[in-house]
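Here's the structure we're looking at; comments come further down.
Along the sequence shown, residues are numbered consecutively beginning with 1.
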Amino acid sequence: MKGDELLSTFKQASSEQRDYSRRLKIGIIGTGWIAEAHVESYKRMPDVDIVAISDLVPGKAEKFARRYEIESARAYPDHKSMLANEKLDAVSVCTYNTAHCQCTIDALEAGVNVLLEKPMSVTLDEAGKMIQAEKKSGKILSIGFQPRMDANMQMIKKIVDSGALGTIYYIQTGGGRRRGIPNSTFIEKRTAGVGALGDIGCYSLDMVLNAIGYPKPLTITGYTSNFFGTNTEYQSPDDAGRFNVDDFAAAFIRLEGGIILDFRIAWAMHLDTPGDTIIMGTKGSLRIPSTECWNGTVGGPMKIYHDIAGEQVETVIPVIEMEGPGLFDRKIRSFLDAILFGLPAPVPSSQIYINQAIIDGIVKSAELGREIEVEIPEI
């Protein structure tokens, strides 16, 4: 799909006629693999100019620009020099996890809107500092959860909001891969901070928490392990030797409103799936089939279990086949539209702050080996 055709798709979806004549100047912070998807998507947007790229590794930004044919974009050795020398409308923060906080704060303080890749941060404290900077700047901070753009994910929230399930009291969610450990910066605490828990666990949490309105966690009993990542049967000796994050995490979480959240996530396991997602309510329950590898949507038709006229019945919710732009393009476009038209952040930091509180709580509980109470500072 060409740029103009892509943009027209979003124009048609809008409830009002919008002016897309303004061109947005975009910078990229970090040129790892996720930056590739950002640049490819930005290049499909006809109202975007990628004008600057930064990376700490000498020569990497220049090489990245050549590979993606954006040689006109100026290359910088770090994000601070890029922010100091460019007048940008927005940046995509595509660094490793432990650099998310500082890069985001610096961009917001420079008056630049931020699309931040997941996970939001490594700790709850970092997430709070970013939100403080966002509020002070008046700029947009949106978190890169493209599954939110999927019609099937949106259907989950519609079902819950409709009242068809009644009062929600128990949720089981998670996901994972039988074998799917990444490498590079993902497997060391100094760069990643957390492993599977932050990489794909944040998505699984968002799928259900967004559906039920993001209630706050009250207590968490968490567990993490890395039996596969540290084993040379499954990892190269070099990778196994430096692997020091989680490749599996599980938790029992009590949420506001009397809801229990039973969570598990894995990069590797001797199992095809740790189970489907289940949302149980007083009027009905929803089963969401798992996927072999997290791909931002559902693993098959969903099913509501409920009673009609005294009979136990099941209602199948067919998979919605989306047409037009892919999820990543929808993520990018919604962020750009928020900037252009003064719209709210597509995935607001205030919600993902709670997501981060749960991840942070699971890590702390696992380290202590006991249940903890969760305190989320007001910002």
Notebook entry, point to check: At their closest point, which heavy atom of I359 faces which heavy atom of G198, and how far apart are they?
Noted result: CD1-CA, 4.3 Å
Note to self: Could you check whether any side-chain N or O of D246 sits under 3.5 Å from a backbone N or O of G195, counting only pairs where one atom can act as donor and the other as acceptor?
What the structure shows: yes
Check: With sequence neighbours excluded, what pairs up with R74 under the salt bridge (Lys or Arg N to Asp or Glu O under 4.0 Å) test?
Finding: E86
Check: Among side-chain atoms of E134 and S349, is any donor-acceptor pair under 3.5 angstrom?
Finding: yes
Next item on the list: Over all heavy atoms of both residues, which pair between A127 and Q356 is shortest? Give the atoms and the distance, please.
Entry: CB-CG, 4.0 Å
Item checked: Sequence neighbours excluded, every pair satisfying salt bridge (charged side-chain N to carboxylate O under 4.0 Å, His left out) that has a member inside residues 151-174 -> K157-D161
Note to self: Please enumerate all residues that pass salt bridge (Lys or Arg N to Asp or Glu O under 4.0 Å) together with R148, with sequence neighbours excluded.
What the structure shows: D206
Notebook entry, point to check: When D49 is tested against each of K25, K43, R22, R23 for salt bridge (charged side-chain N to carboxylate O under 4.0 Å, His left out), which residue passes?
Noted result: R23
Notebook entry, point to check: Considering residues at least two apart in sequence or located in another chain, which fulfil the side chain to side chain donor-acceptor pair (under 3.5 Å) criterion with Y169?
Noted result: none
Margin query: For the CG atom of D150 and the CD1 atom of I156, what is their distance to the nearest 0.5 Å?
Written below: 8.0 Å
Checklist line | Residue pair A107 / V114: nearest heavy atoms and the distance that separates them | finding: CB-CG2, 3.6 Å
Item checked: Partner set under ring-ring contact (aromatic ring centres under 6.0 Å, His included) for Y96, not counting sequence neighbours -> none
Check: Do the side chains of T291 and V298 get nearer than 4.5 Å, heavy atoms only?
Finding: no
Note to self: Does E71 have more than 12 heavy atoms from other residues, nucleotides or ligands lying within 6.0 Å of its CD?
What the structure shows: yes
Margin query: Going by the rule salt bridge (Lys or Arg N to Asp or Glu O under 4.0 Å), which residues pair with D239 if we only count those two or more places apart in sequence or in a different chain?
Written below: R242
Margin query: Just checking E292: does its CD atom have more than 12 heavy atoms from other residues, nucleotides or ligands closer to it than 6.0 angstrom?
Written below: no
Checklist line | Intermediate values then yes/no, side-chain contact (heavy atoms from CB on, under 4.5 Å), E40 and R44 | finding: CA-CA 7 Å; E40 288 173 348; R44 286 190 285 270; 4.2 Å; yes
Notebook entry, point to check: Do S92 and Y42 meet the criterion of a side-chain donor-acceptor pair at a distance under 3.5 Å?
Noted result: yes
Checklist line | Residue pair M45 / R333, side-chain heavy-atom distance below 4.5 Å | finding: yes
Check: Is it true that atom CD of E375 has more than 12 heavy atoms of other residues, nucleotides or ligands lying nearer than 6.0 Å?
Finding: no
Checklist line | Donor-acceptor side-chain pairing of Y214 and N355 below 3.5 angstrom | finding: yes
Next item on the list: Go through the side-chain N and O atoms of D262 and Y170 and say whether any donor and acceptor fall under 3.5 Å apart.
Entry: yes
Notebook entry, point to check: Just checking, any donor-acceptor pair under 3.5 angstrom between side chains of D337 and Y20?
Noted result: yes
Next item on the list: Compare all side-chain heavy atoms of L255 with those of I212 and state whether any distance is below 4.5 angstrom.
Entry: yes
Item checked: Pairwise side chain to side chain donor-acceptor pair (under 3.5 Å) hits with a residue in residues 106-123, at least two apart -> H38-E117, H79-D106, Q102-D106, E117-K331, K118-D199
Check: Rounded to the nearest 0.5 Å, what separation is found between the CG atom of D276 and the CG atom of L286?
Finding: 10.5 Å
Margin query: Checking side-chain polar atoms at under 3.5 Å, does D238 have a donor or acceptor matched by the opposite partner on S236?
Written below: no
Check: Hey, are T191 and T185 close enough side-chain-wise for a donor-acceptor pair under 3.5 Å?
Finding: no
Notebook entry, point to check: Can you name the residues that form a ring-ring contact (aromatic ring centres under 6.0 Å, His included) with F145, not counting sequence neighbours?
Noted result: Y203
Checklist line | Side-chain touch D55/F64, heavy atoms, less than 4.5 angstrom | finding: no
Check: Checking T167 side chain against T282 main chain: does a donor-acceptor pair fall under 3.5 Å?
Finding: no
Notebook entry, point to check: Closest approach of T31 and A35, non-hydrogen atoms and distance?
Noted result: CA-CB, 3.7 Å
Next item on the list: Work out which heavy atom in I339 is nearest to a heavy atom in L24; give both atom names and the distance.
Entry: CG2-CD2, 4.2 Å
Note to self: When you compare the side chains of S81 and D78, does any donor N or O come within less than 3.5 Å of an acceptor on the partner?
What the structure shows: yes
Please set out all donor-acceptor pairs under 3.5 angstrom arising from side-chain atoms of residues 310-320, sequence neighbours excluded.
residue, atom, partner, partner atom, Å
T315, OG1, H306, NE2, 2.7

Checklist line | Rounded distance (nearest 0.5 Å) linking atom CE of M149 with atom CG of L327 | finding: 8.5 Å
Next item on the list: Work out which heavy atom in P289 is nearest to a heavy atom in P301; give both atom names and the distance.
Entry: CG-O, 3.3 Å
Note to self: Would you compute the distance between atom CD1 of I358 and atom CD1 of I253 and round it to the nearest 0.5 angstrom?
What the structure shows: 5.0 Å
Check: Does the pair F186 and W267 meet the rule for a side-chain contact (heavy atoms from CB on, under 4.5 Å), with working shown?
Finding: CA-CA 11 Å; F186 285 88; W267 269 343; 4.2 Å; yes
Check: Any salt bridge between E323 and R330, counting N to O under 4.0 Å?
Finding: no
Notebook entry, point to check: Residues in salt bridge (Lys or Arg N to Asp or Glu O under 4.0 Å) with R370, at least two apart?
Noted result: none
Check: In Å and rounded to the nearest 0.5 Å, what is the CD1 to CD1 distance from I28 to I53?
Finding: 7.0 Å
Notebook entry, point to check: Which residues satisfy the ring-ring contact (aromatic ring centres under 6.0 Å, His included) test with Y353, sequence neighbours excluded?
Noted result: none
Check: Pairs in or reaching into residues 300-309: which pass salt bridge (charged side-chain N to carboxylate O under 4.0 Å, His left out), with residues at least two apart or in two chains?
Finding: none
Margin query: With rounding to the nearest 0.5 angstrom, report the CZ to CD1 distance, R66 to I70.
Written below: 11.5 Å
Note to self: Looking at K135 and I379, would you say the former's side chain and the latter's main chain have a donor-acceptor pair under 3.5 Å?
What the structure shows: yes
